[in-house]
Amino acid sequence: MATDKKSKLKARLPRGLADRGPGEIAATQAMIDKIRAVYELYGFEPVETPAIEYTDALGKFLPDQDRPNEGVFSFQDDDDQWLSLRYDLTAPLARHVAENFQNIALPYRSYRFGWVFRNEKPGPGRFRQFMQFDADTVGSGSAAADAEICMMAADTMEALGIPRGSYVVKVNNRKVLDGVLEAIGLGGDDNAGRRLTVLRAIDKLDRLGDEGVRLLLGEGRKDESGDFTKGAGLKDEQVDRLLTSYLRTSFRSDSPEARQSMGVSGAHSPVFNFPDETTFPDDRMTFGFWRDAVKGSDMGQLGVNELDAIAALCRAAGYGPDRVFFDASVVRGLEYYTGPVFEVELLLDTKDEKGRPVRFGSVGGGGRYDGLVSRFRGEPVPATGFSIGVSRLQAALEHLKKIDTAPKPGPVVVTVFDKTRLADYQKMVATLRGAGIRSELYLGNPKNMGNQLKYADRRKSPCVVIQGSDEKDNPAGPHVIVKDLLLGAELSKLDKDRDDYLQRQAEAQALVPEPDLVAAVRKVLDRHGVRWG
RNA sequence: GCAGCUGUAGCUCAGUUGGUUAGAGCGCCUGACUGUGGAUCAGGAGGUCGGUGGUUCGAGUCCACCCAGCUGUACCA
């Protein structure tokens, strides 16, 4: 091993990956518990699959020669078969269901959480390893399955402490989008590429606004760095139809300028919602617009009918448009969704340290994927599901200070006053642990008391135990000092000179007979309400 | 991938039109107050100025290329 300075190894974390400390781990655990409780309530049961699958089971990417790790992390087994780290939890579930089809009672409701991996550029709240919490209903094509997913998503957000109105579950239907494109003359195989471009442009509505989308649908758009993105090249008339007859129904959490650009005040518009309004669009009105927009496309009509059914079920169950909102601009992944698609967005305004607005994007999404299990079975197996991006949501909640990541109190530290009496101190630790009190023996160099207290302080220990010869040889029998570090910190704040300071420190500690050790420590813990869990 | 910006001590940053031995704050380590966190005081360690080449008598500073990071954008199951 190289030990000279020149050749020492640089400790570094690959980008897009993160180490996590006790605060974050605890916060994640708390979120998982809350999400799980909601999913269980809806009748879902857990099932877990491994982080590695055969690459072909994951869906599209078969690694090609030049870029075997584009998007997914892939590698070859010793028999040359390609394996990949999973990039979501849905495809592995489809594999699991297909492989165990005989033993699973359909419709099958299941949930799971775990790390997934994507080999792409990281950003704020965006990692190359992140956690998803996923729920799926396999084997039901009913709109009720989709409606339940939407309602469950809403319930989950509220269980996580996000108040109603600060999130929205946005719903659209891939069939409607296809129908709209067909209606403006973009049907047929020869328009497939252009349809993709258009859908991608629509997906950016909430980020770029009407004008940005208009440019992307037409000639193209230049971003702030001067980079140019080629547009879909639609005719003005087609762009107008898309924007005014269809996209105007989309959810708007953006600026007043957006209202003006639409030529609508929005004050009590049936198809608009703005943050300062309490009125929401009427579903019949929205779907009326959409039926118009898909005129001539059977697929489109079918799509609107499906959404209508979902709406009816949600509204009947008391979930209004403030929770489940039908939004023309939701697109989601282009690969495998076949019908309704869902997306959960946080509506809270957030600013970074420099006061610039921060956009976390969607914190969850999903949809109907009727083709995913069928790939393995050759028979139709409808399925619908939803994933929460736990890592991104946690990043957002931390940023919003909705999650407490403050470190928990550390253990009680039993200090080593006399090196030759380690066994005695270890016994005190055992006694405390026997009483269920989190505690440890000081394991560093016990050359002086100052270092040990400094250590305990940094550990956020509520108190330390000290026993020197004065205490041990007390005429009334062996005693110990239990020193309250939290109280000591309080008392010493205002003092300046050392004698005064030491005087104050003495007030924060109690001399008690050794048999009363546990009781004295408990007293300190109770004083500060310390509970480690 | 494309574009813009940024790389100086563990961290946050200074560093003047290119000019001796590259600085500050915080942090860290040692010591004093001799059985107690903080404060104070006295010392100390720590940098091939992201890398490589070039221009120059002379480069942290100018040029080229490379690498890394940030931001935007593209892609995103």
Side-chain angles (χ1 to χ4, degrees), chain A residues 5-6 10-16 53 55 57-61 67 70-72 84 86-92 94 116-124 126 128 132 196-197 200-201 203-204 207-208 212 216 220-230 331-337 352 354 356 358-359 361-362 365-367 369 372 387 413 415-418 446-461 463-471 481 483-509:
Chain A
K5 272 183 164 176
K6 288 264 159 73
K10 170 102 173 161
R12 61 209 181 109
L13 187 64
R15 80 175 158 203
E53 294 276 349
T55 301
L58 289 181
K60 59 172 186 179
F61 299 100
R67 325 160 81 178
E70 181 72 8
V72 278
S84 294
R86 62 186 176 193
Y87 54 74
D88 68 13
L89 297 174
T90 310
V116 301
F117 307 84
R118 296 187 187 178
N119 191 7
E120 53 191 32
K121 188 189 155 185
R126 191 166 179 167
R128 293 203 295 176
Q132 285 194 334
L196 274 182
T197 310
R200 285 173 187 144
D203 196 32
K204 295 179 176 59
R207 194 153 47 86
L208 302 181
L216 284 175
R221 171 179 179 272
K222 193 180 278 194
D223 70 44
E224 358 183 321
S225 72
D227 198 21
F228 185 76
T229 309
K230 197 170 182 304
V331 176
R332 299 296 302 170
L334 299 167
E335 288 296 324
Y336 61 51
Y337 291 124
D352 65 11
K354 292 170 186 164
R356 298 180 304 185
V358 178
R359 193 177 275 282
S362 73
Y369 49 98
L372 212 49
S387 266
V413 172
T415 57
V416 176
F417 200 96
D418 178 350
K447 67 179 171 183
N448 63 40
M449 191 50 52
N451 280 353
Q452 303 193 46
L453 287 175
K454 208 180 276 185
Y455 168 80
D457 190 45
R458 296 222 294 210
R459 290 279 273 140
K460 303 246 181 304
S461 300
C463 64
V464 295
V465 177
I466 302 169
Q467 187 186 58
S469 53
D470 289 358
E471 290 78 30
I481 289 175
K483 179 176 168 65
D484 184 335
L485 292 182
L486 302 175
L487 187 58
E490 285 296 314
L491 291 179
S492 66
K493 262 180 191 154
L494 299 174
D495 301 323
K496 289 193 198 90
D497 78 79
R498 184 168 177 80
D499 288 340
D500 200 23
Y501 170 74
L502 292 179
Q503 172 66 36
R504 295 289 198 157
Q505 288 304 319
E507 290 171 24
Q509 57 192 40

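A note on names: the letters A, B, ... follow the listed sequences, proteins ahead of strands, and every chain is numbered from 1. What you see below is based on every heavy atom in this structure, not just the backbone, and it leaves out hydrogens, waters and symmetry mates.
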### Summary
Reading nucleotides 27-37 of chain B from 5' to 3' and marking B where a protein heavy atom lies under 4.0 Å of the base, S where only the sugar-phosphate is that close, and - otherwise, the string is -S-S--B-BBB

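- Rounded to whole Å, the distance from CZ on Arg207(A) to C1' on C76(B) is 12 Å.
- Separation of the C1' atoms belonging to C33(B) and A39(B) is 12 Å when rounded to the nearest angstrom.
- Rounded to whole angstrom, the span from the CG atom of Leu372(A) across to the P atom of A77(B) amounts to 13 Å.
- On the C1' atoms, U8(B) is 14 Å away from A59(B), given to the nearest whole Å.
- Across all their heavy atoms, Tyr501(A) and Ser492(A) have their closest contact at CE1-CB, 3.4 Å.
- On the C1' atoms, C5(B) is 25 Å away from G23(B), given to the nearest whole Å.
- Residues Asp497(A) and Asp499(A) approach most closely at OD1-N, 3.0 Å, considering heavy atoms.
- With contacts defined as side-chain heavy-atom distances shorter than 4.5 Å, the pair Thr55(A)/Val72(A) does not qualify.
- Proximity of a side-chain donor or acceptor of Tyr87(A) to a complementary backbone N or O of Leu58(A) within less than 3.5 Å is detected.
- Contact detail for Pro92(A) and Arg86(A): the closest heavy-atom pair is CG-CB, 4.1 Å.
- For the atom pair CG of Leu485(A) and CG of Leu453(A), the computed distance is 6.5 Å after rounding to the nearest 0.5 Å.
- Spacing of P atoms, G18(B) relative to G58(B), comes out at 16 Å, to the nearest Å.
- For the pair Glu120(A) and Pro14(A), both in contact range of RNA chain B, the more 5′-proximal nearest nucleotide belongs to Pro14(A).
- The nearest heavy atom of RNA chain B to Leu196(A) and to Thr229(A) marks one nucleotide each, and the one closer to the 5' end goes with Thr229(A).
- For Gln467(A) against Phe417(A), the heavy-atom pair with the smallest separation is O-CB, 3.4 Å.
- Rounded to whole Å, the distance from CZ on Arg15(A) to P on G69(B) is 5 Å.
- Put simply, OH on Tyr337(A) is 13 Å from P on C76(B), counting in whole angstrom units.
- Here Lys204(A) lies in heavy-atom contact (under 4.0 Å) with sugar-phosphate atoms only.
- No N or O donor and acceptor, one from the side chain of Arg332(A) and one from the base of A77(B), sit under 3.5 Å apart.
- Taking every heavy atom of both residues into account, Arg118(A) and Gln132(A) meet most closely at NH2-NE2, 3.9 Å.
- Atom P of nucleotide A74(B) and atom CG of Asp203(A) are separated by 10 Å, given to the nearest angstrom.
- Annotation: side-chain contact (heavy atoms from CB on, under 4.5 Å) contacts of Gln509(A) (sequence neighbours excluded): Ile481(A), Lys483(A).
- Atom P of A9(B) sits at a distance of 15 Å from the matching atom of G60(B), rounded to the whole Å.
- Counting only Watson-Crick and G-U wobble pairs whose two distances sit under 3.5 Å, RNA chain B takes part in these stems of three or more pairs: B:1-7 with B:67-73, B:10-13 with B:23-26, B:28-32 with B:40-44, B:50-54 with B:62-66.
- Spacing between G43(B) and G7(B) at atom C1', rounded to whole Å, works out to 33 Å.
- Counting heavy atoms from C-beta outward, Glu120(A) and Arg126(A) have side chains that approach closer than 4.5 Å.
- Distance NZ (Lys230(A)) to C1' (U73(B)): 17 Å, rounded to an integer number of Å.
- Straight-line distance between the C1' atoms of A64(B) and U56(B): roughly 16 Å, to the nearest whole Å.
- Nucleotides G51(B) and U17(B) are separated by 28 Å at their C1' atoms, to the nearest Å.
- Rounded to whole angstrom, the span from the CD atom of Gln132(A) across to the C1' atom of C76(B) amounts to 12 Å.
- Atom NZ in Lys121(A) sits roughly 13 Å away from atom P in A68(B) (whole-Å rounding).
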